[in-house]
Structure formats: structure tokens, C-alpha cells
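Chain A is the first sequence line, chain B the second, and so forth, proteins listed ahead of strands; every chain is numbered from 1. As the structure is a computational prediction, the values presented were derived from the model and not from experiment.
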Protein chains: 2
Amino acid sequence: MSNSTPATIEDVARIAEVSIATVSRAIHTPEKVANSTRLKVNQAIAITGYTTNAMARSLRLGRSNMILVVAPDIGDPNFSNILVGLENEARSHGYGVLIGHTQNDPQRGLEYLKFLNSNQAAGLILFTGILPFGHQAMTARLPPSVGVFEPVFNGGIPYVGVDDIEGARKAIDLLIAEGHRKIAFVGDSRTRLAHRRRRMGYEAGMDAAGIGADLRIVLEGDGTIESGRLAVEQLFMRDTLPSAFMCVNDQTAIGVMIGLGARGYDVPRDFSVTGFDDVPQAVFTSPALTTIRQPRTLIGKHAMALLLELLSDGQPAETEILLRPDLVVRNSVSAPSRAWR
Amino acid sequence: MSNSTPATIEDVARIAEVSIATVSRAIHTPEKVANSTRLKVNQAIAITGYTTNAMARSLRLGRSNMILVVAPDIGDPNFSNILVGLENEARSHGYGVLIGHTQNDPQRGLEYLKFLNSNQAAGLILFTGILPFGHQAMTARLPPSVGVFEPVFNGGIPYVGVDDIEGARKAIDLLIAEGHRKIAFVGDSRTRLAHRRRRMGYEAGMDAAGIGADLRIVLEGDGTIESGRLAVEQLFMRDTLPSAFMCVNDQTAIGVMIGLGARGYDVPRDFSVTGFDDVPQAVFTSPALTTIRQPRTLIGKHAMALLLELLSDGQPAETEILLRPDLVVRNSVSAPSRAWR
DNA sequence: ACGCTCTATGTAAAGGTTTACATATTTGTT
DNA sequence: AACAAATATGTAAACCTTTACATAGAGCGT
């Protein structure tokens with residue numbers, strides 16, 4: 001039972017008194033096997049504790065049962081819930097999930113490319129909008145792939161994301177509805193589509209409310225807590241303060257609140273702040289952050305479903321799936337302070 | 001070059017005008033191949049873009065080049081840095097890392113057991129102290145394994161962790177040095193050795209300072225932010241307040257600070273708080289949390305090194321590696337307020 | 001010039017699986 | 001009752017690699 005060497009299909013065949021072909025069929029295409037035989041095989045499998053040797057199977061089939069997920073940083077608070085969605089969907093279709101993270105290091109990216117080339121993954125889920133593999137990727141044979149959050153640069157790869165423009169609209173509309181007019185947007189200057197789209201949502205909302213360029217302030221950070229804090233400092237230097245900050249993501253918003261707190265201001269009494277993403281900490285900031293929720297588990301589920309479709313059909317049903325982000329109202333937004341009214 | 005089907009060792013052999021055996025040797029044992037031949041082979045490899053088919057190699061060798069890492073929750077802020085250490089070490093020895101998370105679901109654990117049984121991983125890194133596989137694991141053939149943070153229940157598996165007792169001592173000693181006497185320990189009642197050891201450190205520190213049982217308060221939570229908040233509430237109910245809270249981990253400490261803040265108290269003026277782990281957020285709480293740092297990347301590095309040793313030697317050099325945790329002083333600790341002096 | 005050792009290379013088997021094809025058995029049709 | 005068709009099973013090849021063993025050639029001491 002707990003032998004030193006694992007049972008093979010031959011062991012099962014011997015005990016069930018059939019050929020190995022029949023065992024294989026009993027497992028994968030049971031309808032092609034007589035009931036009585038299937039029973040014998042199942043018993044033999046139970047006795048031996050047989051599990052298919054995945055290496056041999058993948059070798060024979062020419063493809064593995066693993067999906068590679070590459071993210072720039074798996075510590076990203078956005079990541080883990082998406083992964084849950086990805087994994088559940090994959091597992092329920094007999095696939096396993098392999099996680100890689102590049103830390104934005106091209107060298108690491110290359111290692112994953114080699115990994116893919118050695119046929120160890122049947123498909124690829126890419127978190128970065130940019131293929132992390134440098135230009136080699138252009139010529140390389142990539143397996144069926146799906147992007148998460150944004151399209152992959154060389155096109156042809158479908159992706160699943162969130163409607164960032166709509167999400168940003170929900171944030172800006174809330175601020176405007178509360179009575180804010182002079183609203184700063186603290187952005188992320190890295191070239192990610194999601195960030196640009198959030199900015200577009202901001203502009204569109206301001207447009208719709210008829211708020212002119214003179215009341216708009218746009219600051220570019222890099223999406224970190226520190227860059228949020230810095231944005232606030234800049235504004236105090238320039239002495240052109242808005243009554244509200246709409247931030248490109250929660251990290252930035254946290255930084256903004258820290259910066260405001262350090263200067264002795266109270267959120268939301270003195271300034272309102274919104275984030276984007278609804279990372280787990282957003283509940284625990286003080287005040288709790290009003291933000292836009294990404295349906296993370298759902299994103300993962302859809303991305304994997306799309307990939308599995310690709311793996312079986314070869315053709316993507318859709319090339320873009322945008323999910324609806326929701327406004328989560330907590331305590332970082334209120335009407336502007338009297339100074340503004 | 002970017003053909004539809006990847007190059008095999010035979011393609012290389014044909015172009016280099018040698019046998020496939022020579023190609024294999026040129027790759028894995030170059031010293032056994034004549035210089036001129038090696039050159040030809042390398043050129044052929046460059047031309048074809050050949051990469052070893054990992055499935056075939058693993059099948060032939062009887063072991064894969066992947067290490068499975070199983071954690072209860074990869075979203076745990078402690079996890080990602082350890083993973084960096086694990087990955088770097090593995091990669092530099094030609095191994096890849098596969099990540100699994102069980103979410104404490106026995107069903108998931110079983111899936112990973114099946115995965116291991118199908119020979120898809122050469123080794124196992126286990127984050128939970130308890131084998132997540134239920135009792136089947138007792139009889140199952142597990143590959144060489146290493147635990148992280150604490151020993152695996154059925155013994156015989158070496159592990160890498162941190163000296164929790166020493167770490168806890170550093171926290172409690174700091175509080176005592178600041179002048180605190182009545183110090184509450186907010187623990188985690190789940191049966192993890194690390195938690196028990198932190199409590200032991202607390203008791204040892206109180207003993208060493210000659211502080212009697214009447215000044216000790218021990219509360220059991222479950223390591224979450226919410227349980228920290230609840231602990232504070234309980235204390236206010238009972239009306240037996242300490243001047244400082246030593247928390248079993250950072251999450252709990254954050255909860256304690258939130259609870260204290262909600263009641264209008266200031267940390268560290270009214271109460272001091274310490275955490276354990278130094279999770280990334282600890283810098284951004286207000287006040288920034290004084291805590292005990294786990295050398296996470298190092299833990300990962302050591303754990304993987306130990307596993308690789310196991311894989312080659314078969315014998316563990318050591319069965320327990322405990323790293324030294326460091327005190328990180330930030331702003332959540334000060335001398336007790338006047339009421340206590 | 002002979003035989004011995006050493007080095008470089010080739011041949012072929014093995015690893016566990018899936019599946020096309022061949023064969024044997026059963027069922028159904030007339 | 002005979003034959004065709006359908007069903008069930010077996011045989012053997014293929015997937016790609018590594019490596020034990022065989023072989024051939026070179027170098028060297030006598």
C-alpha cells in the first residue's frame with residue numbers, strides 16, 4: 001500500500017486482469033468499457049492507490065495540465081483573491097495552477113519563457129499588461145494566453161478586467177454629488193491602461209458636471225503609499241488645495257490620508273478621499289476608505305474560464321471582458337468643509 | 001524558428017551531425033564531450049531554439065524539477081517575502097516553485113496529495129504545522145519535505161522558523177524597560193506552536209522581571225484584526241485595564257489599536273502596543289507599530305536550501321533551524337501614562 | 001608494431017502513458 | 001442459421017529524454 005515506488009498502470013492492469021489499455025480507458029473514457037470490467041479496474045485502483053503519472057501523461061499528450069500565472073508581484077493585495085478565482089475554476093476542470101512572479105525583472109521573465117517553451121504549461125495567465133519577456137516573446141511560441149486587468153501589448157490576447165472608466169465615474173460622481181468642485185486626481189504615471197482609464201473617468205465626470213480646467217488638479221505618482229503622501233506635500237507647497245482627492249488606487253489614497261493626517265487635518269471633515277481597488281486594508285484605515293471594489297474572485301474565474309475555452313476551442317469567444325466595479329461607501333467622504341462653501 | 005512544434009533533441013542532433021546521446025551529454029555533462037563537438041551542438045541549439053522537454057526529462061529521471069509550496073493562505077502578508085526567498089534559492093539550483101493554498105480546506109489538501117502522488121513535485125514545503133492532508137498523509141508517500149514556521153505534526157520533517165520565544169522576550173522586555181508592569185498578552189488560541197511559544201516568551205519575561213500573576217492578563221483571540229478589537233472590548237467590560245498590550249501578531253495589534261482608538265484613547269500616550277511579524281502595513285498604521293521582525297526572505301532561503309540538501313543527500317543536516325527575530329522600534333510604545341505611575 | 005588504456009561517440013532500452021489499429025466477442029437482422 | 005454490425009478488449013507504437021553498455025579511434029609505453 002505505501003510501497004516505496006508508486007503503482008503504475010501496469011500494476012493495476014495485472015490485478016484487474018485486463019490490459020493497460022483497458023485501464024486507461026476505464027479512467028478516461030469509462031463509457032467504452034463494460035460495466036463489469038470497469039468495476040474490476042476501479043477495485044484494482046483502490047487497492048494499489050494508483051494515480052496517473054502526470055509526467056508520462058503530459059509527455060504522451062504533448063501538453064501539461066498546468067496553467068502558469070505570471071504576476072509582477074504576488075504580494076500585491078489585489079492578487080490573492082483573483083488567484084482564488086483562477087484556482088477554483090482551473091481545478092474544477094482538472095488543471096493545476098502554477099504561480100510565477102517576475103518582480104519586474106526581465107531575467108525572471110525570461111526564465112518563465114524558457115519554462116513555457118519546455119512545454120510545462122498548457123496555458124498562460126498574464127497580470128502585467130506588458131509581456132514580461134522582452135522582445136523574445138514576439139517570436140516565441142506562447143501557449144494560449146489570457147491577460148488580467150489590461151490587454152497584452154502585442155494584441156491578439158484576450159483579457160479580463162474591470163471597467164475602470166465606469167468605476168472612476170462612480171467615485172468622481174460621488175464627490176461631486178457631495179458638493180465638491182475642486183477635486184484633485186492623484187494618478188499613476190506608469191504606462192498602464194487601467195491608470196489612464198481611471199483618469200479618463202475623472203475627466204469625464206468633471207466634464208459632465210461642467211467643472212472647468214481651472215478647478216482640476218492632476219498629480220502623477222506611482223501608485224505607492226509614499227507617492228500619495230508626496231502628492232499632498234506638493235499641493236501644500238503650491239498652496240492650491242482641493243477639497244477632495246480622488247486617488248488612482250487605495251495605496252495612493254492611504255498615502256494621501258497619512259499626508260493629510262501628518263499636517264493635522266481630519267478626513268473627511270477637512271478633506272474627502274476616495275481610493276480604487278478595495279484592498280483588504282481599506283476597511284481598517286482610519287477613517288475607513290470609500291473606494292471602488294474590484295470583483296476580484298470573479299475576475300479570476302472569468303479569466304480562467306476564458307483560457308480554458310481557448311484551450312479547447314482554439315478560438316476566443318470574446319477578446320475583452322469588462323466586469324462592473326462597485327462603489328463601496330465608507331467614511332472617507334463627506335460634504336466639503338465650510339471653508340469651501 | 002518559431003515553428004508550430006518545438007524542436008526536440010533529435011532536431012539538434014541532426015543539425016549538429018551527432019547522435020542524440022551526444023547532445024544530451026553536451027548539455028548536462030559538457031566535460032565528457034570534445035570541444036569541437038560541444039561547439040557544434042551549441043550552435044545547433046541556438047539555431048533551433050531547443051529547450052529540454054521537462055516532461056520527458058522528469059519521466060526519465062523519475063522526479064520532477066518542481067517544488068510544491070503549500071500554504072493555508074497565500075494572501076497572508078507574511079507569505080510573499082518568504083516566497084521570494086524560496087523561489088530565488090530554488091531557481092538558482094534549477095528548480096521551479098509551484099504554489100498551492102489550501103484555505104484550510106481538507107478537500108484541497110487532498111488534491112495536493114494526489115498531485116504529489118502523481119510525481120509532479122520533487123519536494124514539498126509546508127507552511128501549516130499540521131499536514132493539510134488529513135490522516136491519509138500518514139500512510140502516503142510524501143516526497144522530501146521541509147516545514148516553515150513550525151514542525152510538522154508527524155515528526156521526521158525538519159523545519160525552519162524563527163525563535164519565537166526570543167522574539168517575544170524582546171517585546172516584553174522592551175515594555176518592561178519602559179516601565180510597564182501590568183501587561184496584557186493578546187494571544188491566538190489556535191493550536192500553533194509559534195503562538196504558544198510567543199506566550200511562553202511573555203510569561204518568561206514577566207517571570208524575569210518578578211511580575212506576579214496578579215498583573216498578568218492573558219486573552220485568547222484568533223490572530224485577526226477583529227479579535228484584537230474584541231480583546232480590548234472585553235477588557236473595558238471587565239474594567240481591568242493594563243497599561244500595555246503585547247500582541248501575538250501584527251494583525252491583532254492593529255485590532256487592539258483600532259479598539260483603543262474607537263474608545264478615544266491615544267497610542268502610545270494612554271496605552272502601549274507591540275505586535276509580532278512586522279507585516280508590510282506595520283509601517284503605515286498610526287502610530288507606526290513597534291513589532292518583532294521575521295527575517296522572511298531568509299527563512300525562505302534557508303527552508304529551500306534545506307530541502308535541496310534533502311533532495312541530494314537524503315539526510316537532513318539539521319532538523320530545526322531557528323533564525324533570530326529582531327525588534328523594530330516605531331511609535332506604538334512609550335512609558336506608561338501618569339495614571340500608572 | 002603490438003596491445004593497453006583512455007576518450008569520444010553511438011546504439012538502444014527504459015520510463016508510464018494514450019490511442020490507432022487489429023482482433024475477438026456479442027448483438028441484431030434477415 | 002448465417003452474416004453484418006456493434007461492442008469490448010488487446011497489441012504495439014509513440015511521446016522525448018537519459019544513460020548503461022558497446023564500439024571505435026587515439027595516444028602511449030614497450
Side-chain angles (χ1 to χ4, degrees), chain A residues 3-42 44-45 48-66 94 114-115 117-120 122, chain B residues 3-42 44-45 48-66 94 114-120 122 141:
Chain A
N3 298 335
S4 64
T5 149
T8 73
I9 200 171
E10 282 206 69
D11 300 327
V12 177
R14 199 171 330 108
I15 295 185
E17 298 175 301
V18 296
S19 75
I20 61 169
T22 301
V23 174
S24 181
R25 278 189 286 255
I27 295 171
H28 300 290
T29 50
E31 71 279 6
K32 289 190 175 175
V33 161
N35 285 333
S36 57
T37 314
R38 189 165 54 244
L39 204 68
K40 280 195 297 180
V41 171
N42 286 339
I45 288 178
T48 54
Y50 169 75
T51 341
T52 304
N53 179 318
M55 320 304 347
R57 173 162 222 260
S58 300
L59 173 60
R60 174 62 229 243
L61 260 39
R63 76 191 135 79
S64 88
N65 62 147
M66 301 303 290
K114 263 173 66 180
F115 181 82
N117 269 348
S118 66
N119 271 332
Q120 288 191 77
Chain B
N3 297 335
S4 64
T5 149
T8 73
I9 201 170
E10 280 205 69
D11 300 325
V12 177
R14 198 174 327 108
I15 295 186
E17 298 175 302
V18 296
S19 75
I20 60 170
T22 301
V23 174
S24 180
R25 278 189 288 253
I27 295 171
H28 299 291
T29 52
E31 71 279 4
K32 289 190 177 175
V33 162
N35 284 333
S36 57
T37 313
R38 189 165 55 242
L39 203 70
K40 281 194 298 179
V41 170
N42 286 339
I45 289 177
T48 53
Y50 169 75
T51 341
T52 304
N53 179 317
M55 323 300 351
R57 172 162 224 260
S58 299
L59 175 58
R60 175 62 231 244
L61 261 39
R63 76 193 135 78
S64 89
N65 62 146
M66 302 304 288
K114 262 173 66 180
F115 181 83
L116 289 168
N117 269 348
S118 67
N119 273 332
Q120 288 190 77
R141 282 173 328 97

Protein-nucleotides 5-8 of chain D N/O pairs closer than 3.5 Å?
none

Check your understanding: Going from OG1 on A/Thr51 to CG on B/Leu116, what distance comes out if it is rounded to the nearest 0.5 angstrom?
Key -> 10.0 Å

Point to revise | Distance in angstrom units between A/Gln120 CD and D/dC16 C1', rounded | key: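 Whole-Å distance recorded here is 13 Å.
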
Check your understanding: With a non-hydrogen cut-off below 4.0 angstrom, is A/Leu61 in contact with a base, only sugar-phosphate, or nothing?
Key ->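 Contact class for A/Leu61: sugar-phosphate only.
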
Study note, to complete from the structure: Here the residues of residues 19-27 of chain A within 4.0 Å heavy-atom distance, strictly under, of DNA chain D are A/Ser19, A/Ala21, A/Thr22, A/Arg25

Point to revise | For A/Ser58, all residues meeting side chain to side chain contact (heavy atoms under 4.5 Å, CB included), sequence neighbours excluded | key: A/Ser64, A/Asn65, B/Met55

Practice item. With side chain to side chain contact (heavy atoms under 4.5 Å, CB included) as the test, would you mind laying out the steps for B/Met66 and A/Met66 before giving the verdict? Key: CA-CA 12 Å; B/Met66 302 304 288; A/Met66 301 303 290; over 6 Å; no

Check your understanding: chain A on DNA chain C: first and last contacting nucleotide, 5' to 3', under 4.0 Å to a heavy atom?
Key -> C/dG16 to C/dA20

Side-chain polar contacts of residues 23-37 of chain B - donor-acceptor pairs under 3.5 angstrom, sequence neighbours left out - could you list them?
unit_1	atom_1	unit_2	atom_2	d
B/His28	ND1	B/Arg57	NH2	3.3
B/Thr29	OG1	B/Arg25	O	3.4
B/Asn35	OD1	B/Arg38	NH2	2.3

Check your understanding: Quick one: CZ on A/Arg60 to CG on A/Asn53, what's the gap to the nearest 0.5 Å?
Key -> 14.5 Å

Point to revise | Rounded interatomic separation in angstrom, taking CG from B/Asp11 and C1' from D/dC15 | key: 14 Å

Point to revise | First encountered from the 5' end of DNA chain C, between B/Glu17 and A/His28 | key: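 With A/His28 and B/Glu17 compared, the 5'-side residue is B/Glu17.
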
Study note, to complete from the structure: Of B/Ser36 and A/Glu10, the one whose closest nucleotide on DNA chain C sits nearer the 5' end is B/Ser36

**Study point:** Helical bend (five base pairs per end, nearest 10°) for the helix from C/dA1-D/dT30 to C/dT30-D/dA1
**Key:** 50°

What donor-acceptor contacts under 3.5 angstrom involve side-chain atoms of residues 9-19 of chain B, with partners at least two apart or in another chain?
unit_1	atom_1	unit_2	atom_2	d
B/Asp11	OD1	B/Arg14	NH2	3.1
B/Asp11	OD2	B/Thr8	N	2.8
B/Ser19	OG	B/Ala21	N	3.4
B/Ser19	OG	B/Thr22	N	3.4
B/Ser19	OG	B/Thr22	OG1	3.3

Review point. Starting at CZ of B/Arg63 and ending at P of D/dT17, how long is that distance when rounded to a whole Å?
Key: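 Value for this atom pair: 16 Å.
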
